[in-house]
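Here's the structure we're looking at; comments come further down.
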Amino acid sequence: MPLSPSASTREILKNVKKFIPPLLESMHKGQQGRVAVVGGSEDYTGAPFFSANASALLGADLSHVICEPQAAAVIKTYSPNLMVHPYMRQSHHKDSITSNAKDVTDRVAGLLDRMHAIVVGPGLGRDGLMLESAGLIVEEAKRRGLPMVLDADGLQLVQKTPGIVRGYEQAVLTPNVVEFARLCKALDVDPEAGEKKEVCGKLATALGGVTIIQKGPQDYISNGQYTWVCDVPGGLKRSGGQGDTLTGSLATFLAWRKAYMDRLWDHDNSLSGSDLLQLAAFGAAALTRTCSRRAFEKKGRSMQALDLSVEVPAAFKELYGEGADPKL
Ligand SMILES: NC(=O)C1=CN([C@@H]2O[C@H](COP(=O)(O)OP(=O)(O)OC[C@H]3O[C@@H](n4cnc5c(N)ncnc54)[C@H](O)[C@@H]3O)[C@@H](O)[C@H]2O)[C@@H](O)CC1
Ligand SMILES: Nc1ncnc2c1ncn2[C@@H]1O[C@H](COP(=O)(O)OP(=O)(O)OP(=O)(O)O)[C@@H](O)[C@H]1O
Ligand SMILES: [Mg+2]
């Protein structure tokens, strides 16, 4: 029987519920969230799908994937619900329309105007043109004040050029244990200097107040000012692709944060923008761990990433009931 989450975790989850938008007759398409995942290459088509699919299953109205043409053709076959745009290019796939990072970014910019949050990294790969394009897309997203999730190869960008997100408080980084160590090295943060949760805070501070979800046996969530520990029970199988459910669900929580701040429904407005970033990170971490626990209970050793996607609706209900109660 999994350990139950600590009292503080239960307390935080109550606050997460406060910014889950109710579904109202008065709402129109897109108001529950418009999300784009930047990633998907000839090597990886699963990661961007898992991410975008999780954002839609959690409740975003519109989920997009911006990827390489070869990946686009494949991801389109996974689900007609996702809008898949073949605008990225790997170095050996340049063509007359798109031959450099600026061409890519010019095509992507129009999409960013319509988004509430983006995810950069799942399945991006290490190709130079893909990484350069992703870097310009991050700059365009910052110009638009978009909240963004940086994961997987997207964290390579931060490792190489920390300045790309330094001080941008709406950036949420989701490193696994290996990526966390790489970021500490790149930012000269000693991973041994203090308790794990303190190191996570130091890295967030070194990056100027971004939010970090350090994934592991427990997740540490910090913006440098305070650190929460997400001890919601997870699963024991460490199959690839689980982090993609985190990034997609996080993007939807970040879109819901914007809906809350825009007063899309009547609420007590008690949560600040920065509290909401921490709550979005915690909410997505708790959801992903619950999906993993539920999937592992059913599939054991055979559990794979797709088994988490299936659990998103039930995990949401287990943690948040039907979501925000408009009377709250
Ligand atoms: N089905 C898919 O399409 C998947 C695509 N993925 C993509 O694969 C690319 C490379 O990501 P990876 O994280 O696999 O490669 P990394 O280059 O980050 O990791 C390299 C090696 O580090 C070790 N490692 C990675 N994560 C670890 C963890 N959480 N704990 C302990 N050791 C760990 C493993 O030995 C791994 O092979 C990314 O673009 C990612 O999005 C992966 O996320 C897996 C699933
Ligand atoms: N030892 C653990 N026990 C329980 N849950 C864990 C453990 N390690 C990681 N997790 C959880 O598993 C999920 C994925 O974390 P992981 O470290 O595998 O990310 P990742 O390597 O980036 O995954 P991906 O293959 O998608 O890139 C997160 O929800 C995290 O909280
Ligand atoms: Mg990962």
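Both ligands and their constituent atoms are indexed starting at 1 by order of listing. If you read the sequence from its start, that first residue is 1, and numbering goes on from there.
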By number and element, which atoms of ligand 1 are closer than 4.0 Å to a non-hydrogen atom of [X]?
X: Pro122; answer: 41 (O)
X: Leu124; answer: 39 (O)
X: Glu179; answer: 18 (O)
X: Gly46; answer: 1 (N), 2 (C), 3 (O)
X: Ala152; answer: 38 (C), 40 (C), 41 (O)

Give the residue, atom name and distance (to 0.1 Å) of the protein heavy atom nearest [atom].
atom: atom 30 (N) of ligand 1; answer: Val177 CG1, 3.4 Å
atom: atom 15 (O) of ligand 1; answer: Arg126 NH2, 4.7 Å
atom: atom 44 (C) of ligand 1; answer: Gly241 N, 3.8 Å
atom: atom 41 (O) of ligand 1; answer: Gly123 N, 2.8 Å
atom: atom 43 (O) of ligand 1; answer: Asp244 OD2, 3.9 Å
atom: atom 23 (C) of ligand 1; answer: Val178 CG2, 3.8 Å
atom: atom 10 (C) of ligand 1; answer: Tyr44 OH, 4.0 Å

Nearest neighbour of atom 29 (N) of ligand 1 from the list Leu155, Thr45, Asp153, Asn176, on a heavy-atom basis
Asn176

Is it true that [X] and [Y] make a salt bridge, defined as a side-chain N closer than 4.0 Å to a carboxylate O?
X: Glu297; Y: Arg294; result: no
X: Lys258; Y: Asp262; result: yes
X: Arg144; Y: Glu140; result: yes

Identify, with sequence neighbours excluded, every residue that meets salt bridge (charged side-chain N to carboxylate O under 4.0 Å, His left out) alongside Asp188.
none

Identify, chain by chain and in numerical order, each protein residue with a heavy atom under 4.0 Å from an atom of ligand 2.
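Its neighbours under 4.0 Å (heavy atoms only) are Asn176, Lys215, Gly216, Pro217, Asp219, Gly235, Arg238, Gly240, Gly241, Gln242, Gly243, Asp244, Thr288, Arg289, given by chain and number.
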
Who passes side chain to side chain contact (heavy atoms under 4.5 Å, CB included) against Val189, sequence neighbours left out?
Cys184, Leu187, Val199, Lys202, Leu203, Ala206

Listed by chain and number, what are the side chain to side chain contact (heavy atoms under 4.5 Å, CB included) partners of Ala295, not counting sequence neighbours?
Met303, Asp307, Leu308, Glu311

Heavy-atom pairs closer than 4.0 Å: do any link ligand 1 to the side chain of [X], the backbone, both, or neither?
X: Asp43; answer: neither
X: Gln156; answer: neither
X: Lys215; answer: neither
X: Ala47; answer: both

Below 4.0 Å from ligand 1: does a non-hydrogen atom of Gln242 turn up there or not?
no

Contact between Arg182 and ligand 1, counting heavy atoms under 4.0 Å?
yes

Knowing that exactly one of Ile20, Leu271, Leu279 qualifies, which makes a side-chain contact (heavy atoms from CB on, under 4.5 Å) with Tyr260?
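Result for side-chain contact (heavy atoms from CB on, under 4.5 Å) with Tyr260: Leu271.
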
Does Arg238 have more than 12 heavy atoms from other residues, nucleotides or ligands lying within 6.0 Å of its CZ?
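More than 12 within 6.0 Å, yes.
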
Are Val138 and Val37 linked, directly or through intermediate hydrophobic residues, by side-chain heavy-atom contacts shorter than 4.5 Å (ILVMFWY only)?
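Val37 and Val138: separate clusters.
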
